[in-house]
Chemist: 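For reference, the structure I am asking about is given below.
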Amino acid sequence: MVKNKAQSKKKPQKRGIDFKKIKRKIGRKLPPPKNATNTEIKSKAIVLPEQSIASEKAGLAVSKKGLTLKELLQQTSHHNSKVRKDALMGIKDIFLKHPAELKLHKLAVIEKLRERIGDDDKLVREALYQLFKSVIFPGCKEVNQGPLISLMMAYIFNAMTHLAIDVRLMAFKFFELVVQYYPSSFSLYAEKILQNYEDILRKNQFFLEDKSKLKNTLGGLVHCLTLLPCNERESDSSTKNDNPAENILHAFEPEVSREPSGFTEVIKKLKDLLPILVSCFQDFMPMIHTIPQLEAPSFDCMLLILQSIDLVVRFLVCGIGRSRQDSQTLLPPKQKPDTTMCDQFISLAMLKKLWGIFPLNLVHHPSKKDDDRIFMLNIVITEIFLQLSNWNHPSPALLEKFLEFIERSLSTKIRSNKGFYEKHLLPLIPNIPKLTMRISGHWRSRILQSFTEAFMNCNPDSSMKLACLSAINEMLDPEKSCVYMDGSDPTILDYQITWIRELPPLLILLGDKNPTCSKAVLSLQLRLGQASPPNSPFSLEFDNMQYILRDFYSSQTDERSVRYGPFVRLSEDVQEISICCLYYFSFMDSLLLQSLVSCCLCPDLEAFLLFRILEVLHSAYRAGHIRVADYISFLVTLLSRFQVYPEETYPIVKHEARSNRGTYKSVTSVVCSCLSQIGEAHLVFQMLEKIIVDQICAKQPVDNMCALLRLLITLDSKPTGLSEECIVNLSHTLPEYLMDINVQEEDHESSTAISVKRRQYYLLPPFFLFHRSNRLLSLVLNVMGSWVSEICSLLGTNSQTSSSIDCSNRLRAIISMLLLMHEDVKIQRILSSCEIQIKNILHNLSTLLSSVEIKLTIGERHKIQSAHNQLRVVTSKLFSGAFIT
Amino acid sequence: METELVIASSPTDAGISCWDLHTGVEHLRYKTCSSPPHGLASIAGRFLASSQLREPKSSSSGSILYWSWNKPQVEVKSFPAEPIKPLVSNSEGTYIVGGGISGDIYLWEAATGNLLNKWHAHYRGVSCLVFNDDQSLLISGSEDGCVRVWSLFMIFGGVNTEEARHLYEYSFHEHTLKVTDIKIGYGGCNAIIVSASEDRTCKVWSLSRGKLLRNIVFPSIIDAIALDPGEHVFYAGGRDGKIYIAALNAPGASNSSYGLHIIGSLSEHSKAITCLASSADGSLLVSGSEDGMIRVWDTKSRNITRIFRHAKGPVSNVLVVRQPELLNLGTSINTQASSLRGHGLLLPPPLQKYANSADENAYIKAFISPQTASNKFLDDSYISVQTMENLIKELQKQGSSAAAELDVERLKVEQQRSVQTIQQWKTIYENLHQFCVSELLDGNHVESTNG
């Protein structure tokens, strides 16, 4: 409807336009419409007076010669090689001065520069190489690599097939550079690269003249091959190394396929590469046999060739292992991937030629240096052989040849440069466990013998020792090896026992200088303790270790002095492992416990470790590994010998102003709970009563006394179980202890809250004892009373004034102690039963004060007087109260 | 909310006590039980079982006791070949698994008591055992610090047992001292395992990847752990009497005073915590302590809501179980006493000391059924292969006697039929005879009339 209306409205208008009359006049121009745009263009020349070169380049970066980047890039394709080279230098110059330029024009620059990879002139290529190496790659490290690599690679490949051999070699050098900075690029182009290496190595006749070039090429090849994922152990360790603490538990992991997909092609190429490498190596053979000396470059080449063979073999062998593993775990046996198996399978025959020339020998009288070099080569060949023979069964003759070499090289005792041999024997060691598992008969024992010799002879700090330890670990751990506890072959057992016996002396020899090695030894020891079945020869050996390990903790040099072993100085995690080992001894010698306790008493030992030792020993005791008597004497010795350093007595220098009183308090409570857990309370008490009381009577420092008293009251029950003899003994020492507390409090200002709290801590155990045994209290009061009368008589007679102050101090201490007892509600109740003793004391005091001839200053006298009065008031109240009730 | 029970036992001979978690009412106290840690188990809610600590003198064999829910006395005693410490059963109560002090693990069939399998699992004594949530894996911890994961398929000689060098799926060695407790989360094979050890650490493992995920160092030895059902945190009861709360999800941010990953603690100055259990919904945490008290904590407010007193000595085990249907509370005992007699007899026979001969065990194959959510007790429907075999034999025997019976029946019927024919013949003869006689008489009569 609306539309219709709109149409109907428009129509009359249109009609009006249609029928409008247009009058045309011929010969006349129409006037321009009013809204016409003027399209005329007018221009004027602008004349500039001068154009300077400097101002044009004002905003741009220039090289030393004043050229811009654009100009330089143009010059790189100049027909004159010198100009090209200078241009490259200029570019380097610019980028060094203005790193931002590189970021901006990165791709453009590379696009231009890559053309020069295949340059005919050697100097230009060299300059380009330097440019990439020193400036461009380091500068582009963090940026997106994809386009950069693909830009480069096309020209590198091009250059690799260049007619001139020098260009080709340079291309390999470029590629090596790319791989160095972008390792992932190898896996992308592996197939093509390997093909190129293959091609160039075929033409080895070129190289025999110029060995340094060959060396460069081979170096690149080795570098590339190391990038192959070849070592199982490495990949394991890399996953282990990432800190477990940082993972989020339930998070998803990015699904990254570890292995690049095109493996099969690479494998094929590598297999093609192998014979070429071998023949390349063989080309050197005549030289060895003819010339008297092995010069460095050819030796380097030989070594590099062997290394690349080794790497290829490793990769292939690892591939076999991987595919076998896969087929074992994931797929049912029917679906085993036979294709990959065949593909990766590599037989010993492939390297037959290599085996033929083993062992290498110089015909002419070799110098020492040459001997070493030949040895190195032989070791690498052996390594290759060992890698391969894990999956193949070599013929006995071949195997024997290698075994002989291994035996000889391992067991050679005295060598001029031990370090050199150890360094090169190192890669052989990890193969020993597998090797011994495979061979049998007399060869097994011969190899083990030589291995044992190598283990014993090598320097304790060397990495050889570590490698040997890990090999031993593999041969002892029942989960890793099959030979473990193989009763059929007693020779292995003999060697295993020899190794085990070697461990503790090694540990002591290592001292605290080499924590990693100590850790390895201790871990091995721990594993042995965990995994040795009871009553087997292994557990026997493990138990016997403790006789030597004693010195690891501490050793008694003579009566009083103790020499601490390496344990105290090692790092915390090593200490922790060694403490854990203690648990696994099926019994613990009392001498070991002795050395442990003196170790615990070492002031340098961390408190944390002290508690760990206590914990582990307690679990060991509960598991029945320690005799009761030994355990008790360990704990009691710890309590009574512990030296407490209060803050003020030792200067800052020695103990960092840190009192260990707090530690001692917690040690006391731990020991108390340990001892109360060892059995039924009253039996334990009967056993310990005498020991503890004896310790108490043997004049200890206040802190230790307090701890022992605490131990006593924890074990004791409400009506005391102490025997009469013990009570009498205690009554002789307790007054001294009470006085000591007071004296200690007088030393520093006694009013502070901390000291009040501490006094409470000291007083609690004797008060508990008094509460449980009234007789003890009365005996103690008797002793105090006799002291008072003694002092009074002493003061009464003519004596020196110096002692009189001392005497008055003692008197006051006794009185204040009595007052303190009175403050305690429970003791107050008991005190009322000891009326006679207190009255006796009071009486003595009053006679003393009333007598005239005592030699006391007025001040002293006043102090005693006031204390006396206080006591009298309190006691009179007490006794009157007692009479009432 | 379903009622849940707290069950506790101790190493001293203090019996097993039993309380209602939410109301605090105490139920029966089951007598004569001195169980080691992890030695108490409720077998699918049907009955209670506990391994026993014994005097070292008589340690030649161990002992496992059963209690039914309604009687305080021990009902069934069994004596395995060596002392058993941890004891566990799968959620359906089909199997009972015990770990011996020599490191062997014993697996019994609960219903018959047959020892199905026994294998050397550890170098030293087994200290704890736990099943994963789908009951297909058994995780064991040992005194040598080793944690191992066993698949029941492997144990029962499933696929490629011969090929494998070892029975276990994983063996974790990272603990240096005795493993004190193990708990496993939900999620089948993707679950996490948390293990505590005397080396003062708790470690979190991934079951699927078989590697260590997290290592948490505590200020004291941890003897017990409990997992929060949501697996955000876990609780670790220490020897210093504190229950530490350790984070599982958050990445390690250490600003607490206790150490990395530990976000707090519950404490009430008690003695060492020996065991922990959490209620099904995770809102309550039950802790047993060395001082003989059992404390119930509210995990949200971190306060104690209830304290039960078990005994003077330490508590060694605390379990939280759903209230079994068999348990009768208080007053109803008398009224239902008669009906309970029957249930009392349902307890299975004692566990065997030694395994059966090989041919008898030939039937045993791993079988893991889908989980049933109901709490119904399955005694009635549960029949072992052997019993079925016996039944079939019996049936066959019965069949033969029935056949004889059928024969007799058939003969009887035949005899009856022949008797009937005889009868028929007899009547026919009678009739004929009568007819003949009458005929004769009639003839005579006719003759006489004629003649």
Side-chain angles (χ1 to χ4, degrees), chain A residues 236 239-240 242-251 253 327-329 332-333 477-482 522-523 526-534 536 538-539 573 576-584 586 608 611-612 614-616 618-620 622-624 666 669-670 673-674 676-677 680, chain B residues 56 102-103 120 122-125 142-146 159-160 163-166 168 171 173-178 180 185 187 190 192 194 197-201 203-206 209 211-217 219-221 231-232 239-240 247-252 254 260-261 271-272 290 314:
Chain A
D236 274 358
T239 50
K240 245 177 212 173
D242 56 3
N243 190 2
E246 279 162 20
N247 293 344
I248 300 171
L249 290 184
H250 291 292
E253 280 205 338
S327 60
Q328 227 170 43
T329 53
D477 195 333
E479 271 169 37
K480 285 181 191 152
S481 81
C482 306
L522 282 167
S523 312
L526 180 68
R527 193 75 201 99
L528 205 64
Q530 286 176 330
S532 60
S536 66
F538 289 104
S539 70
D573 53 335
E576 176 109 28
I577 299 175
S578 78
I579 293 170
C580 291
C581 284
L582 295 174
Y583 174 79
Y584 294 100
S586 66
F608 157 76
F611 292 119
R612 285 295 292 152
L614 281 172
E615 269 172 12
V616 170
H618 189 63
S619 337
R622 283 218 282 204
S666 19
S669 66
V670 169
S673 80
C674 279
S676 59
Q677 274 174 30
E680 212 171 309
Chain B
S102 71
H120 191 63
H122 291 281
Y123 305 111
R124 299 198 179 219
S142 145
E143 280 170 21
D144 59 18
C146 190
V159 279
N160 55 21
E163 288 171 39
R165 269 175 61 203
H166 40 69
Y168 54 80
S171 176
H173 288 299
E174 275 81 348
H175 281 301
T176 51
L177 288 176
K178 179 183 166 184
T180 51
N190 281 318
I192 51 164
V194 185
S197 160
E198 280 188 350
D199 60 10
R200 284 192 173 184
T201 63
K203 293 185 198 284
V204 185
W205 315 88
S206 153
R209 275 173 291 166
K211 68 171 203 176
L212 180 65
L213 293 179
R214 186 170 283 190
N215 181 26
I216 305 165
V217 183
S220 94
I221 290 182
E231 293 180 27
H232 299 298
R239 285 223 178 133
D240 57 358
L248 281 175
N249 274 355
S254 163
L260 193 64
H261 297 303
K271 281 193 183 173
E290 201 132 79

Chemist: Nearest 0.5 angstrom please: A:I577 CD1 to B:D199 CG, how far?
Modeler: 10.5 Å

Chemist: Between atom CD of A:Q530 and atom CG of B:L177, what is the distance when rounded to the nearest 0.5 Å?
Modeler: 8.0 Å

Chemist: Output, in order, the C-alpha distance, side-chain angles, deciding distance and verdict of side chain to side chain contact (heavy atoms under 4.5 Å, CB included) for B:H173 and A:R527.
Modeler: CA-CA 9 Å; B:H173 288 299; A:R527 193 75 201 99; 2.6 Å; yes

Chemist: OG/A:S532 to CZ/B:R124 distance, rounded to the nearest 0.5 angstrom?
Modeler: 5.5 Å

Chemist: At a heavy-atom separation under 4.5 Å, does A:V616 approach chain B through its side chain, its backbone, both, or neither?
Modeler: side chain

Chemist: May I ask you to say whether B:R239 pairs ionically with A:E615, meaning some side-chain N is under 4.0 Å from a carboxylate O?
Modeler: no

Chemist: Is the shortest heavy-atom distance from the side chain of A:E576 to the side chain of B:T176 under 4.5 Å?
Modeler: no

Chemist: Any chance you could measure A:Y583, atom OH, to B:E143, atom CD, to the nearest 0.5 Å?
Modeler: 4.5 Å

Chemist: Relative to chain A, which segment of B:H175 carries a heavy atom at a distance below 4.5 Å: side chain, backbone, both, or neither?
Modeler: backbone

Chemist: Within this structure, what is the OG-CG distance for the pair A:S669 and B:D240, rounded to the nearest 0.5 Å?
Modeler: 11.0 Å

